[in-house]
Amino acid sequence: MRRLFGTDGVRGLANGELLTPELAVSVSASAARVLAAHRAAGDEHRPVALVGRDPRASGEMLEAAVLAGLTSAGADAVRLGVLPTPAVAHLVDSLGADLGVMISASHNAMPDNGIKLFAAGGHKLPDALELEIEQGLAAEWTRPTGADIGRVRDLPEALEQYVAHLLVATPRPLTGVKVVVDCAHGAASEAAPTAYTKAGAEVVALHAAPDGLNINAGVGSTHMDALQAAVVEHGADLGIAHDGDADRCLAVDAGGRIVDGDQIMAILALAMKESGELAEDTLVATVMSNLALHLAMKAEGVTLRTTAVGDRYVLEDLRAHGFTLGGEQSGHVVLPGHATTGDGLLTAMRLMSRMAETGRTLAELASVVQPLPQVLQNVKVADKEAVAASPAVAEAVAKAEAELGETGRVLLRPSGTEQLVRVMVEAGTQELAETTAGRIASVVAAAV
């Protein structure tokens with residue numbers, strides 16, 4: 001079992017017990033050795049790794065450690081500087097690199113940081129390779145010396161290349177669209193205003209002055225109040241909120257109302273169905289997407305497939321079946337025809353492109369999905385497995401589902417890391433959702 005890598009790389013308090021410079025050196029060196037060991041027979045080229053980061057202060061320390069680890073194992077390293085996570089993934093693919101390393105803790109608070117690895121082609125590393133890298137941390141190895149030590153160089157045109165890719169992937173210019181973008185003082189701070197302006201939009205940049213300490217500090221996609229107010233104040237057509245590493249995006253309509261990931265996916269799905277880009281007229285989402293998305297897609301002739309929670313599971317399903325759109329309610333949206341991972345900037349540009357194409361407001365486009373009230377309760381339990389096997393819990397869920405009918409649903413999901421069971425209920429009214437969730441939560445709590 002992998003013990004170091006979670007569903008999104010290694011993440012924790014930077015310079016704390018886990019995520020130290022020493023660990024960054026070791027993980028990077030092990031990754032370089034594992035990749036070299038998997039080269040095709042006769043391929044003796046020196047591995048090349050691209051290294052990007054978000055602007056949090058600890059990223060400078062960890063970047064130095066990652067570069068040291070890679071080069072100590074004989075890999076050449078290309079320092080990209082501050083870039084969104086999807087930019088690193090794209091450049092790994094477009095430049096034919098062997099490995100990508102992104103140093104970021106996404107939407108986490110500034111003291112945290114993380115290390116995310118991308119394989120050749122810009123895809124997330126398979127579980128088997130992550131396990132091999134973990135096991136390699138304790139392995140004996142021969143260190144290269146002299147000319148065999150890797151070298152470090154910079155790629156000053158990295159942002160320019162990424163923005164050029166976004167412009168190609170945007171169906172039409174964003175002329176006539178006024179947007180306020182909340183960059184979360186993160187990796188999107190230069191990239192998003194640059195890309196949106198080059199695409200033709202009128203851009204008001206918000207929280208785009210990172211100082212290493214202010215990333216995600218009450219701003220970005222997890223704190224939407226300032227963006228909602230700014231959209232109304234500036235008379236903008238919409239607002240876009242990114243997280244610290246810009247792999248997700250949420251939106252705000254001209255009236256200051258939040259447009260979530262489900263609604264964004266619905267807008268893009270219908271646009272892609274119309275243009276013939278939506279493979280098999282299918283959208284892939286997670287089990288947490290609102291029932292209203294299911295109902296809306298069914299009404300529009302789009303098949304909605306669901307996966308476990310986590311963008312890696314959406315990605316796996318997209319790649320396995322050749323589908324062209326998927327994502328999460330949180331705003332991670334993946335367009336495999338243009339990106340190998342969730343890309344908040346690409347998502348935002350496709351969304352604005354649809355507005356420019358149709359002449360419709362974001363509120364009008366988003367109205368295809370009218371989210372049902374959703375209640376989530378976390379119930380601490382002694383044994384998650386016993387809850388799953390409880391006849392009393394099964395009976396309570398079945399009763400609730402019968403009462404809700406086709407206008408509601410119940411989802412019980414054990415936590416992957418804690419002795420918790422998450423009870424989620426959607427219903428026609430907030431009161432009914434809360435009452436039903438509370439009733440099931442009581443049965444869950446008493447089940448062991």
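A donor-acceptor pair is defined here as one N or O able to donate and one able to accept, closer than 3.5 Å; no such pair exists between the side chain of S390 and the backbone of A386. No donor-acceptor pair under 3.5 Å is formed between the side chain of T175 and the backbone N or O of P173. Remark: the backbone N or O of D245 is not paired with any side-chain donor or acceptor of S106 at under 3.5 angstrom. Under a 3.5 Å cut-off, the side chain of T20 and the backbone N or O of E17 do not form any donor-acceptor pair. Remark: the backbone N or O of R409 is not paired with any side-chain donor or acceptor of E426 at under 3.5 angstrom. At distances below 3.5 Å, at least one donor-acceptor pair connects side-chain atoms of R56 with backbone N or O atoms of A109.
The only option from L19, L13, I215 that meets the side chain to side chain contact (heavy atoms under 4.5 Å, CB included) definition with D112 turns out to be L13. Under the side chain to side chain contact (heavy atoms under 4.5 Å, CB included) test applied with L351, the options L174, V259, I264, V179 reduce to a single match, I264. For the side chain to side chain contact (heavy atoms under 4.5 Å, CB included) test with V425, the passing option among L411, L404, V397 is L404; the others fail.
No more than 12 heavy atoms of other residues, nucleotides or ligands lie within 6.0 Å of CD in E395, so this atom counts as exposed by the packing criterion. Atom CD of E434 has more than 12 heavy atoms from other residues, nucleotides or ligands within 6.0 Å. By the 6.0 Å contact criterion, CD on E190 is open, its count of non-hydrogen atoms from other residues, nucleotides or ligands being 12 or less. More than 12 heavy atoms of other residues, nucleotides or ligands shown are found within 6.0 angstrom of CD on E401. Residue E357 places its CD atom among more than 12 non-hydrogen atoms of other residues, nucleotides or ligands, all under 6.0 Å distant. Atom NZ of K178 has more than 12 heavy atoms from other residues, nucleotides or ligands within 6.0 Å.
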For a side chain to side chain contact (heavy atoms under 4.5 Å, CB included) check, start with the C-alpha distance between V387 and D383, then their side-chain angles and the critical distance, and finish with the verdict.
CA-CA 7 Å; V387 170; D383 186 342; over 6 Å; no
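Within the structure, salt bridge (charged side-chain N to carboxylate O under 4.0 Å, His left out) pairs that include any residue of residues 291-308 comprise R305-D317 (at least two apart or interchain).
Taking 4.5 Å as the limit, some side-chain heavy atom of L4 sits within range of a side-chain heavy atom of V27.
A donor-acceptor pair shorter than 3.5 Å cannot be found between the side chains of H185 and D211. N216 and H107 form no side-chain donor-acceptor contact under 3.5 Å, judged by distance and modelled atom types alone. Counted by atom type alone, D262 and S289 present one or more donor-acceptor pairs between their side chains at under 3.5 Å. Remark: the E132 side chain and the H38 side chain contain an N/O donor-acceptor pair separated by less than 3.5 Å. Looking only at atom types and distance, the side chain of D247 has no donor-acceptor partner in the side chain of T85 under 3.5 Å away.
Using a 4.0 Å cut-off between charged nitrogen and carboxylate oxygen, R312 and D127 count as a salt-bridge pair. Salt bridge annotation for D311-R248: absent, with no cationic side-chain nitrogen under 4.0 angstrom from a carboxylate oxygen.
Aromatic ring pairs are classed by plane angle as parallel below 30°, tilted from 30° to 60° and perpendicular above 60°; the pair Y196 and H242 is tilted.
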